[in-house]
There are 2 protein chains.
Amino acid sequence: MTAATETPKPNLLELLWRAGPEASRGPRKGLTVDAVVAAAVELADREGLEALTVRRLAQELGKAPMTLYTYVPGKTELVALMIDSLFASMERTPVAGLPWRERLAAVARDGYSLYRRHPWAAAASPSRPPLGPGQCAKYEHELQALEGLGLSDVEMDDVLAYLLGFVRIAAQDAAQADAERAASAMSDQEWWEANGPLLAKVLDPERFPTAVRVGQAAGEAHDSAYDAEHAFSFGLERTLDALAPLIERDE
Amino acid sequence: MTAATETPKPNLLELLWRAGPEASRGPRKGLTVDAVVAAAVELADREGLEALTVRRLAQELGKAPMTLYTYVPGKTELVALMIDSLFASMERTPVAGLPWRERLAAVARDGYSLYRRHPWAAAASPSRPPLGPGQCAKYEHELQALEGLGLSDVEMDDVLAYLLGFVRIAAQDAAQADAERAASAMSDQEWWEANGPLLAKVLDPERFPTAVRVGQAAGEAHDSAYDAEHAFSFGLERTLDALAPLIERDE
DNA sequence: TTGTACACCGTACGACGTACTAAGTACAAT
DNA sequence: ATTGTACTTAGTACGTCGTACGGTGTACAA
């Protein structure tokens, strides 16, 4: 029995920082982790996260499916790498010198437009992503926007998590509204013809007086049933108001 | 050729309101939609949304997998029904007579604890769920908590969407933190032994000065890397502060 | 020159959602 | 009472997924 050559599964952290040992023997690699990740991002952007399958991605790269496992240990790790690569290359509006509201607004808008450009990432990105280089660069830049405002270190982290939570949920909702609009082959008119009668019967103004009134008003105000961009700008103002007492507390 | 008996696929809306025509011929039904949905909720609570498969659910109900499709047209509709059933039976703290902050806090806490009890729902529930009876009852109750505060109808909807967005993201993050803790078989110590050296090399305090400092402070403050309950209570206070200017604007 | 670590590929396994078909049931129409 | 038919239930099977496994050939190290 030969001693098993221990090739421990490459760690996600090593992979994120591209710190794995590079092979010195064997055939030349036909791809790189970066190339795989870039192709995956492009595919997910084009056709959504559910179209991103290992087979499909391999096909686009001109390789057999299992080949990708040489570069990436599994699909979850691939998605983590994809998100970190987004974070690494995202736009970071310079904020030095701006008043605090504009600084935080810029941070929020940078994040939001990243997620709008890559809607799958809003659904997939966790609150505390693994500490890859992209995540670290993002975190560093965002924290610098919070420096000098009289917050403690712990408060800075709390405030940032709160702000980014808003950004993520706004992006999720926007992406979902888009997806629903695209998925329903029905026009609004067809939908109402199909479902209007039932809704009219069931949305009893005596049982749901406030809901019927407010729902109707909201539906008319935003031309669509849900106006994502309005929700974002409304929410951003609120979120900055939320932080004002904390930040301006001792000025 | 016999004329095709048109049995149009039951609409999700009809299903939500249990408004489908009931069969008058054929064998007695061995189950009800409610029973299927209840079993599905129980299974998802117990083992998570990814354990909720049609086969597994059918097994728990003592039926063949395909049998469930008599009650529910597909898995997506099943999940929608599950969420609406949660909304229908959730706790709704009475808020009449309370000051506005306590009213909104109660609404937020009811929602949050619902999602904490059913973590899968936080991930699956969309911003604008289909108008089932549970969703309507929830919406009605929540809007009543916003009545009489001097807001327009459209503002009431905006404010509620904003508040519920916070609740959802807080619940998502909490659920994810739990899941990660459960999934990693490693203890914190093992994790640091495995990843500490790389992180120490790569988290260069010159490249990421603020991130390293704040990250360390935050990590020490919350015993775990991410303290969900703290994030919720911190965020709830902020969110109420966010709404104060709007609500107290003309008092 | 040769041994070996490695990239690459084909095949295959066990899950998944669900389409299709057949069997059997109980009410409606006769 | 009988028969037709709408219905529930079940079995089988298809196409998809992630990925385990084993084989083949390459190119560097010894």
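Just so we're on the same page: letters track the sequence lines, and every chain starts at 1. These numbers come from a predicted model, not from an experiment.
Between the side chains of Y115(B) and D110(B), not a single donor N or O lies within less than 3.5 Å of an accepting N or O.
Between P27(B) and A64(B), it is P27(B) whose nearest contact on DNA chain D lies nearer the 5' terminus. Mapping P65(B) and E50(A) onto DNA chain D by nearest heavy atom places P65(B) at the nucleotide closer to the 5' end. Mapped onto DNA chain C by nearest heavy atom, G26(A) and G74(B) fall at different nucleotides, with G26(A) at the one closer to the 5' end.
In terms of phosphate contacts, R28(A) brings a side-chain nitrogen or oxygen within less than 4.0 Å of OP1 or OP2 of dC28(D). For Y69(A) and dC9(C), the shortest distance from a side-chain N or O to OP1 or OP2 is not below 4.0 Å. Dashed line: the shortest gap from a side-chain N or O of T67(A) to OP1 or OP2 of dC9(C) is under 4.0 Å. OP1 or OP2 of dC16(C) sits under 4.0 Å from a side-chain N or O of T53(B).
Residue L57(A) is out of contact with every strand shown, counting any heavy-atom pair closer than 4.0 Å. Across all strands, R55(A) comes closer than 4.0 Å to base atoms (heavy-atom distances).
Side chains of V36(A) and L81(A) form no contact here, defined as non-hydrogen atoms less than 4.5 Å apart. For the pair F232(A)/I169(A), no side-chain contact is recorded, criterion being any heavy-atom separation below 4.5 Å from C-beta on.
In this entry the distance linking NZ of K29(B) with P of dA6(D) reads 16 Å, nearest Å. Atom CZ of R25(A) is separated from atom P of dC28(D) by 11 Å (rounded to the nearest Å). The separation between K63(B) atom NZ and dG24(C) atom P is 17 Å, rounded to whole Å. dG18(D) atom P lies 19 Å from atom OH of Y71(A), rounded to whole Å. Rounded to whole angstrom, the span from the CE atom of M66(B) across to the P atom of dT21(C) amounts to 12 Å. Distance CG (L52(B)) to P (dA15(C)): 17 Å, rounded to an integer number of Å. Rounding to whole angstrom units, CZ of residue R56(A) and P of dG15(D) are separated by 19 Å. Straight-line distance from the CG atom of L61(B) to the P atom of dT9(D): 11 Å, rounded to whole Å.
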Note to self: For L160(B) and L164(B): C-alpha separation, side-chain torsions, deciding distance, then whether side-chain contact (heavy atoms from CB on, under 4.5 Å) applies.
What the structure shows: CA-CA 6 Å; L160(B) 182 57; L164(B) 293 182; 3.8 Å; yes
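At least one test fails for K63(B) against the ring of Y71(B): distance under 6.0 Å to the centre or angle within 45° of the axis.
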